[in-house]
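As the structure lists them, so they are numbered: ligands from 1, and atoms in each ligand from 1.
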Amino acid sequence: MSMDRRRPSTATATDADAAVQTAAPQAAAHRQLADAKDSPASVARPKRGVPEGLWLKCDGCGATIYRKEAEEKLNVCPQCGFHWYVSAAKRIEQLLDAGTFEEWDADLKPADPLGFRDKKPYAERIVAEQKRTGLKDAALTGTGMIRARRVACGVTDSSFIMGSMGSVVGERLTRLVERATAGKLPLIIISASGGGARMHEGILSLMQMAKVSAALARYSQAGGLFISVLTNPTMGGVAASFASLGDLCFAEPRALIGFAGPRTIKATIRVELPKGFQTSEFLLEHGFIDRIVPRKDLKSEIARAIDYCGG
Ligand SMILES: [Zn+2]
């Protein structure tokens, strides 16, 4: 597919914005299953008559699911296997051996170099998002063990301005890749970014695509193993840069993965899009990803891939 060959400059802030708008409702619905401490206060309430907190309506099959049961299955619907949102912190907990995660570059915070404002000033938006999610920006990075194998690991979180990549996400990921290169560590990046490049930081966001990709090229030349895990949603400048550059690209079932959202594409090229367009299954069929891995198998599959590749 041409997506991973796009030059960074072909991704405009408008594309990224369109991706934000397209992916937003789906991601918002998935956030309903964030565990209580991670739950943003502003998520959509479940349907009337369904007590909030105890029961959830599945976006995949429409069934009413006992929240605890879904959580025990790593936030996957026990009836149809639909994979809900999990926060970056929860993702680290699910993936890494207990107590092994050591965060890197936790002190990096976003700035507002353009004095950007949309519905509200970007500076205010950042503070509100930080308060709501407990994150400083949309990525968590660090090192830890996966079944006793040391790895460098990064996760983006779609609940922080749609998981979009501004200077902090780009810088944290670049440093992560550079440390993985220096330490000869396998690299795992789990993407959950509906927003692509963050329009609020303009060109400074766009340049992160090239910056992270260049660091990945040096990592690859040094013989490193990069496993990219695409989760729902992975869109825009994130999909068009590091997320597509894995030596192995895994995806969770039924994830929305693409560049511009389906609505934007339909409006631009005026043709009916094929069934299942921009889902993990469609992309596997078309050779864009290597394997669909259910969340319960992700840890084992990554450990296996590391061993297989001699990492
Ligand atoms: Zn379901």
Side-chain angles (χ1 to χ4, degrees), residues 19 21-95 133 155-159 162-163 190-195 229-235 239 243 249-258 261-263 273-286 288-289 291-302:
Q21 289 172 9
T22 311
Q26 198 176 358
H30 300 160
R31 282 202 293 276
Q32 287 177 26
L33 197 74
D35 61 343
K37 72 174 189 305
D38 291 334
S39 277
S42 59
V43 295
R45 286 176 168 271
K47 293 242 151 104
R48 271 172 296 169
V50 180
E52 194 177 5
L54 265 186
W55 299 92
L56 298 150
K57 193 173 168 69
C58 174
D59 297 318
C61 64
T64 304
I65 308 293
Y66 188 41
R67 178 189 287 265
K68 217 164 169 191
E69 196 186 347
E71 279 176 4
E72 277 164 11
K73 295 193 179 304
L74 309 175
N75 291 8
V76 172
C77 173
Q79 309 244 341
C80 72
F82 188 83
H83 284 49
W84 274 288
Y85 162 84
V86 287
S87 67
K90 194 82 190 165
R91 183 68 80 166
I92 298 259
E93 199 183 305
Q94 289 178 357
L95 193 67
T133 60
V155 185
T156 65
D157 191 321
S158 65
S159 75
M162 291 306 297
I190 302 183
S191 303
S193 293
V229 182
L230 312 172
T231 74
N232 188 43
T234 298
M235 298 294 287
C249 285
F250 292 168
E252 287 194 334
R254 285 192 267 172
L256 176 71
I257 301 163
R263 207 175 48 193
L273 298 172
K275 199 168 175 285
F277 183 64
Q278 293 185 325
T279 58
S280 311
E281 291 72 16
F282 186 89
L283 295 176
L284 178 70
E285 208 175 297
H286 291 80
F288 185 71
I289 57 170
R291 188 176 295 173
I292 294 174
V293 183
R295 197 172 285 164
K296 68 175 171 54
D297 300 331
L298 194 55
K299 189 170 179 169
S300 304
E301 283 297 304
I302 289 175

Would you check if [X] and [Y] make a side-chain contact, meaning some heavy-atom pair closer than 4.5 Å?
X      : Y      : value
Leu273 : Gln278 : no
Met235 : Met162 : no
Leu54  : Tyr66  : yes

Using a cut-off of 6.0 Å, state whether more than 12 heavy atoms not belonging to Lys299 lie near its atom NZ.
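Yes, NZ of Lys299 has more than 12 neighbouring heavy atoms, counting only those of other groups under 6.0 Å.
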Just to verify, what does Ala243 make a side chain to side chain contact (heavy atoms under 4.5 Å, CB included) with, not counting sequence neighbours?
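In terms of side chain to side chain contact (heavy atoms under 4.5 Å, CB included), with neighbours along the sequence ignored, Ala243 is linked to Ser191, Ser228, Leu230, Thr234, Val238.
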Ignoring water, what protein N, O or S atoms are under 2.8 Å from the Zn ion (ligand 1)?
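Counting only protein N, O or S atoms under 2.8 Å from the Zn ion (ligand 1), the list reads Cys58 SG, Cys61 SG, Cys77 SG, Cys80 SG.
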Is the shortest distance from a Lys or Arg side-chain nitrogen in Lys90 or Glu93 to a carboxylate oxygen in the other one below 4.0 Å?
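Yes, this pair counts.
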